[in-house]
Amino acid sequence: MLNGKQVLYSGMQATGTLTLGNYLGALKNWVNLNEEYECIYGVMDLHSLTVRQEPAAFRKNARSLYALYVAAGLDPEKNCIYYQSHVSGHAELSWILGCFTYMGELNRMTQFKDKALRHAENVNAGLYTYPVLMAADILLYQADVVPVGVDQKQHLEITRDIAQRFNAVYGDVFTIPEACIPKAGAKIMSLQDPQKKMSKSDENANATILLLDDKDTVIRKFKRAVTDSDTVVRYGEDKPGIRNLMDIYSCVTGKDYAAIEKEFEGRGYGEFKLATGEAVADELAPLQARYQELMADKAYLDGMIQRNDEKAEGYARKTLRKVQKKVGLTERRF
Ligand code: TYM
């Protein structure tokens, strides 16, 4: 509990720009849950270092991510939106938690296995211990709920296991967090290969909608989306491409699958793809306008970042000191 409310914690890697998957699977849900909880959101720049970054572009991406959180509707005056790397407690707690994590557990992480395959030239220890740092992020703020897309479920499970293991030895130090996965949009698929998750690292630009894509680009990408040879807009196991588009359309319009099937009865895929593209572009337009304003207002963003970094540091320090004391590290005198 923080300020009388349960704590919501989440974050995204500061790599490249966000996709429609990040938005529908996470960011939009954060905005929906925002009023209910005391919310803390991190720009996860330390996690991004597991893959080589070009320093100047990386710094720009981190700031852009901060602005996108705010542009999507998270008010930095009411929510603690901060940079992970500005709070040293993440790295410090991560070390301690690493000593409570088994290699067998980390070996089972499917994201590690995937990423190790994709970055075969750089399978570094950071990539391997990535879930421990993520556990530290969440546990440092005593989070109750963590809204994420379905691909992060396994990382939430290991976080809970680490926290329970620690608590079993030292008493109730950590709150055990729950993953909060949205009903629709938890796994948005590639527009070019509906068996694959939509991802910013996809080599095919048509596979991914970026949050900063303009209207024409969004519509063009949806028009080219891969579907099956049928023509009926129906939510079926055998129609992964249409299912994905229906998920997206449902998330942005709030209509359920039955309503969507009815709306497009007898109208075919072409019209449905165009309508989905338009609905997405309309949803993104105000966010993009707000984003441009924010990026132009250096003083405002800098002020918000500093204020929230300090706030986050205060919350984190409390948990970190408690953990250090519990494990028997000598108290520091400065
Ligand atoms: P990241 O940066 O890969 O993704 C950010 C969020 O977007 C969701 N997401 C998707 N949801 C639906 N469909 C998709 N195609 C899709 N692609 C991504 C992810 O599930 C995630 O919620 N390890 C995390 C970042 C992180 C974090 C944390 C999250 C670091 N520490 C602490 C929560 C709490 C990650 O790489 O997410």
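The shown structure was predicted, so the numbers you read here are calculated from the model rather than taken from an experiment. Side-chain atoms are counted along with the backbone in the values below, which use heavy atoms only and exclude waters and symmetry mates. As the structure lists them, so they are numbered: ligands from 1, and atoms in each ligand from 1.
- Under the rule for a side-chain contact (heavy atoms from CB on, under 4.5 Å), the partners of K200 that lie at least two apart in sequence or sit in another chain are L18, T19, N22.
- At a 4.0 Å heavy-atom cut-off, the residues surrounding ligand 1 are Y9, S10, G11, M12, Q13, G21, N22, G25, A26, M44, H47, Y130, M134, D137, I138, V146, V148, G149, D151, Q152, G185, A186, K187, I188, K197, M198, listed by chain and number.
- At least one side-chain heavy atom of F174 sits less than 4.5 Å from a side-chain heavy atom of L97.
- Evaluation of the side-chain contact (heavy atoms from CB on, under 4.5 Å) rule for E271 yields R267 as partners, not counting sequence neighbours.
- Residues in residues 325-334 take part in these salt bridge (Lys or Arg N to Asp or Glu O under 4.0 Å) pairs, two or more places apart or across chains: E92-R332.
- Checked against F272 for a ring pair (Phe, Tyr, Trp, His ring centres under 6.0 Å), the options Y249, F222, Y235 give a single hit: Y249.
- Ionic pairing of R165 and E105 is present here: one or more N-O contacts between side-chain nitrogen and carboxylate oxygen are shorter than 4.0 angstrom.
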